[in-house]
Amino acid sequence: MVKAVRHGALCALWLVILALLLAHAESTCLIDAIPENERHYININATAQGPIRFVVFLWESAIVLSSVVETLVSEVLGYHVERDPQMIFWANEGIFKLAGCRDMECQVPQQSAHIMLDTWLSPVQLFFEEFRVKNRLVAPEDLGSMGYEGKDGLYVTRAVREAAFQEVGLPLEYYTSYNLSFHEPQKYFHKIWEVPVSNLSNCDEPFLSQPLEFFISSTMQNYLHWTGDSDGVLQQNGQFIGRCSAEHPAFWIAPACRQNYSECIPVIMAGQGATAFAMQWATAYGIPMAISHATSPAEQHWLANNLRILFYHYEPDASGVIPESVRVIFPEHSRVAWQAGDYRTASTSIYIAKLASATLRLSAPGVGKLLQKMSIETSQLIPLMTMQNRPGDVQDTVTALQENACEWIKANPQVWKEWIPSATECVSGFGIMDAQGLPVASRAEATQCLVCPAGRISKGMSDELGPTYYCEACDRGFHQSTAGQTACFPCDPGTFAPEPGEAVCSLCRRGSYSNISGAVECSSCGGLTWTTSKAVLSGASMRWIELEGAASAEFCHCVPGRYFWHGKCELCSEGASCEGSGMLELLPGYHSTERDPGAVMKCFGDSARCPGGTPGSCAPGRDPTSISCSECLENLQPKGVECVECSGGDYVQLVFVGLFVLVGTAALHLLLSLVYQSRGATQGRLLAAALCLNQLVTCAQLFSVMEQVQGINWTDPFASFLQIFHFLSLDTILDSLKSLSCVTRLSAEVNLLLRTLLVPLAFVVGPVGASGVMSMLPLLRNLGSRMALMKTCGFLALLFYITLCSTFLEPFRCNMHPSGVQTLQTNHAVFCSFSGTHLNMCVISGVVCLLPLSFLAICSYVLLVMLPRRVHQADAEFIRAFSFLIMRFKPGFEHFTVIFLVRNLIFVLTPIAPTAASLFIMGNLLIFSLVMSAYFKPWRSLVASQLDTMTTSILVIILLLSAFAADLEGSNEGIMILCSFCAALLITGVLVAAAYLALQHVASKLRKKYAFFLCHQRGSSSGFVRLMKMELTSRGFSAFIDADNLTDLSRLFSFVRSDTQTFVVVATPGVLQRMWCMGELAAAHLACVETLVLRFPSFEMPDDAFINSYDSIVPEIVELAVYGLGLREVQDALKWLRSVRQVTVDERFSMPHVVELADALSNSCARPPDSARMNSMDYADYIILADPGNLDAMASAVVLARYMVKVMPERGLSPCVFSEKDDVSKEHLNIVLLLTENCFRSEEFARWLLQARIPDAKVLPVIGDSRFQFPSGAEMISASRSTQVDQVTFTQVIKAILLEVALPFVCADSSQVDLMVRARQICRRLYGDLRPLSIKMLLAGPVLRESDANLDAELQLASETVAVAF
């Protein structure tokens, strides 16, 4: 294109592109030039300053005019100047430099320049306009024409023209003269092969790194479009290129001479083109052109001056070519055709501009004014570019042109002085100012020109001194935010300017708007409750934000927190979101109707039925006009959060629930009747398992009550556990009544009656029906008693007491809604207003609640008043009838039933109070229960007591966590996870405990824990029983004796019933008069435990008279009634005892007989016999002396001997228990004396004591009977006479023996562990520092004989020593 070519440059400039700016000579051009050190820099940016930078083209006109302006700017205006080190050829490259960037997008910066003169702008006008649109802030400014125009085209030398005209009259200045059809112009030009190839570029060679137009695809495609010359264009890979001659690769041949190269006229172009013009001219008008490019402008000048050719050139030019040439005339220029790419008409004159950077006008306004005023004509320019001798060196050319510029400045001051602006001659963007820099309106007040500040515009004016500019303030409603501007802009809608001279229009404040341009104030939306807002996309949802600068009333909405209703902005309540749109948006779990959207109701219960959103939104099938979507549409029934059509399955479900209740309660009645008929034969572990499950049901009901507390949002995963607890607490059965809506629509009053009366009655109908059926069946007739029916009904009432109480309190439990109204927790469609429906429900509940209160009163009367009386009467029937109250807790703790009932009743009442008070009361009730259970352990089963402590602790923890959840804002997922963990622990603990007890019960049926239960009278047979247990244990059989195995008296009869294989009655004379022994016997009889009697010689079987008068013989037997064992059961057991197998025990103790008894017992259980035997007297290390006539004392002695061997096996001791035939000899140096009741009356015992006076014999007294008492003097005299021993010696020996502190070894009062400890103490004393008996007799002194009183005194002193043992 033409933009790429300028033919006035020096020949060498096209070959060298290098940094070639000469530093200004230290000498100046003008005599009065401003010195270098007084010149100033301009502001490059906010932080840096620098010189004014010139961009210079590679041709003479640009160089010389740039030199002129550089001199004026530096020496006259006083600015530092410099040239860009790289001289340019392309105009678009200079535009980038002025903008300070490297591409059209202006993304890559470069050092910016400020001035570019002699810019041929027409060829790049479209590029320049596009750049200005994309980069408005940095695009260069056009400061006007240079004063002359440019021309270009094809030229022919005058010599060639004159030769053709003189020969044939052919005017070669007209394009028509070149048509071969009519003329022969080619004979006046050289042939193409006569042009030196060294001066030409091949078609595919670039010029200054840019391809020739032959290789620009868009140019060649445009040529093909307008000419249709497909032979002249080659298409390769979608690109279009000019097809040059193969023989002459530097030439593109026109169609007119393509077949005969000799007819072609050489056309030499300069630079990159105007190839596109010439190609279209040649094809359109049949001109025989052979177009080629010179390697440089200098080479083109040489070819034009030395050969007969056509060549492309331009004007103005001082190279000397133009004066000797004539421009070829083509058809008149068509602007429209050229814009379309049709170049067949002549080119037009070219606009040559002065360009300056966007910042120059502000940073150096005088320079800008100078450039605007600068104008030079072609006649003035040509002499400036003319050089006497055109140098070939680039540097010499530049120097010569600078000298021309200086000479011209000196010679033409009258021209350039008109360009220099005065101090008050302002340019556009500036205005006259006074010395203080303030805007003024006349030059008389002005001293300088400064840029007009923001808020003012530069406006032209004229006076006697000429035109200038002043700074005028923008009117109200208008603004100008940038300094140095020439126009004010009206404020956009949404903004206003209340005062003149505003730099920026103020945004309309929130709550106001402006819908016009040029506003001086904004219109109010309506008050403090209004704002301006708009919706924005935030992620995947819309969000309303408040904004300033609203441009219309459509932005007016209620402030966040309010919604628009009936022309007002109403306050948004809890449960709704009013984000600023003016619309009320309900949160999930809340509801309001379309008629009154502000009356927001919280959807308590299953909040998913209220999806939120616009008012009136409900889950499918629910009535949007009902309160909080609580009711279903007509002919629908609730199913989860939705309402669905009734189906056959719903009726089946209702029938199934009814049958389940009836059959379940009837089966329960049958089970409880069987237990009642068993008369106290209840299995302990089954009872404990039932108590565990009972606690689980109680916990479930307590959870149901806790769920009623307002202010706590129970969410998943804990909500899932609450559903499980609903099933256990009858809530699921009560909720199933909703299916009745498929049959008929029930009113709130009828629904309450169904829940409070029908369901409890349904639980009674089953047992009543079962009782009637059992009374008609012969096999079950005995089970259908009224007492058993009362027991079943009482058990159910006690089990579900919390749920029943909670149901009666339904009208008094209300939920507070955000709108300030209250509705029932269980019937959300009823308002808590104590009027209408609610009042009727309150009256119904007030009457019906007498039922649980009456039940509490009856239970209190039974336990606190009647129970003591009936126990005194030994009324076991009463105990069994009310066992659901009595048998839950240990004897003496039955009143805990009342305590727990009162606790549960108060617990049920607490949700009526506010949240904080409810949690406080509930927490204290649970903590009170926890302390009571942990301290007293009142439950009949220890496992039940421990489980109650655990479950209550978990309830307290969950209650504390719920208190945190009530105060927590936002998500409570962590708390719910902890609550779920606690609930899972509670359920698991209860089920594991119940399963464990049930498995134990099953295991006890297969294998009893104890093979033998040894029932005995402690005072008369404890030693014998202990020895029997040792014998049985040595044979591999477990045996129960209370001293070892009984830690909880309430479990005594459970051991007999459940854990015993063979019940052994050690029948001593007083055993039948022992209350506990009779209770054990009665329990064994009722449980059908195999029983055997070890009958002592003095024992007599009870006769009928004894049995019938047993209550008077043993009056305390009535105390067994609390265990379900009355006088009748005891009497039946006594009668049954007479039929039990008996084994007689010898009157005198012997170890072989004991072994025989053990063998007899073990054989009855099919166990192999095994027994330990005492060593013989000959090898004994120590002897044990006991009363041979006291069977239990002898047995205790054997027990002591065996324990002494066990506790000190390291000594290898061998004991020996003396029989009546044995004597103490001198070998028996270690003697243990077992003191029992009346042992001193034994003749053998007295004989052994007197024999023990041998030297070195040590005697250790051991008390073996808690009834042992030291005899008085009279008794000792009587004993000495009966034993026929010397009274004085006998008394002296006893006195000496009792100088030693006696140690206890009482089998009746000690467990196995205690006896082991006592045995160890005895061994240590025996082999410790025990003194011989002979020495202690000397210490005791002689015994006085004066009287029995003296003897009593001495013996009393000795007996005090014995008392130390106890």
Practice prompt. Might you point out which heavy atoms bring L997 and C692 nearest each other, and give the distance in Å?
Written response: CD1-SG, 3.8 Å
Worksheet item: Can you check whether V862 reaches F878 side chain to side chain, under 4.5 Å on heavy atoms?
Response: yes
Worksheet item: Which word best sums up how the rings of F1063 and F1013 line up, parallel for under 30°, tilted for 30 to 60°, or perpendicular for over 60°?
Response: parallel
Discussion item. Would K1008 pass as a cation-pi partner of Y1010, given that its NZ or CZ must be under 6.0 Å from the six-membered ring centre and within 45 degrees of the axis?
Written reply: no
Discussion item. Any heavy-atom pair between the side chains of W939 and K890 that's under 4.5 Å?
Written reply: no
Worksheet item: Hey, are the side chains of L1081 and L1137 touching, using non-hydrogen atoms and a 4.5 Å cut-off?
Response: yes
Worksheet item: When rounded to the nearest 0.5 angstrom, what distance separates NZ in K1009 from CD in Q1000?
Response: 7.5 Å
Fill in: Point-to-point distance, once rounded to the nearest 0.5 Å, from CG of L959 to OG1 of T952
12.0 Å
Worksheet item: Does the ring centre of F884 sit less than 6.0 Å away from the ring centre of F795?
Response: no
Discussion item. Between D1044 and K1029, does any side-chain N to carboxylate O distance fall below 4.0 Å?
Written reply: yes
Practice prompt. Would you name the heavy atoms of M1078 and V1071 that are closest together and state the gap between them?
Written response: CE-O, 3.9 Å
Worksheet item: Between L930 and S953, is any pair of side-chain heavy atoms under 4.5 Å apart?
Response: yes
Item to complete: Mind checking the NE2-CG spacing from H1085 to L1134? Nearest 0.5 Å is all I need.
Response: 10.5 Å
Fill in: Y801 and F855 aromatic centres sub-6.0 Å
yes
Worksheet, complete the sentence: CD1 of I886 to CZ of F893, rounded to nearest 0.5 Å, is 15.5 Å
Discussion item. Could you work out, with side chain to side chain contact (heavy atoms under 4.5 Å, CB included) as the rule, every residue matching L985, not counting sequence neighbours?
Written reply: I954
Worksheet item: Under 6.0 Å from the CZ atom of R1074, do we count more than 12 heavy atoms belonging to anything else shown?
Response: no
Discussion item. I need the minimum non-hydrogen distance between A1082 and L1125, along with the two atoms involved.
Written reply: CB-CD2, 4.3 Å
Discussion item. Under the criterion side chain to side chain contact (heavy atoms under 4.5 Å, CB included), I'd like the reasoning laid out for Y1203 against R1026: C-alpha separation, chi angles, the key distance, then a yes or no.
Written reply: CA-CA 11 Å; Y1203 280 142; R1026 173 68 62 181; 3.8 Å; yes
Item to complete: Begin from the C-alpha positions of M1028 and L1157 and carry the test side chain to side chain contact (heavy atoms under 4.5 Å, CB included) through to its verdict.
Response: CA-CA 8 Å; M1028 287 300 300; L1157 292 175; 4.0 Å; yes
Fill in: Sub-4.5 Å side-chain heavy-atom contact between L986 and F703
yes
Worksheet item: Do T897 and F889 come close enough that some side-chain heavy atom pair is under 4.5 Å?
Response: yes
Fill in: Distance in Å, E894 CD paired with F882 CZ, rounded so as to fall on 0.5 Å steps
13.5 Å
Practice prompt. Starting at CG of D1132, measure out to CG of L1086 and round the result to the nearest 0.5 Å.
Written response: 8.0 Å
Worksheet, complete the sentence: Nearest heavy-atom contact between A689 and A994 is CB-O, 3.8 Å
Worksheet item: Are side-chain heavy atoms of M1075 and E1119 found at a separation under 4.5 Å?
Response: yes
Discussion item. Within the structure provided, determine whether L1092 and V1065 are in side-chain contact (heavy-atom separation under 4.5 Å).
Written reply: no
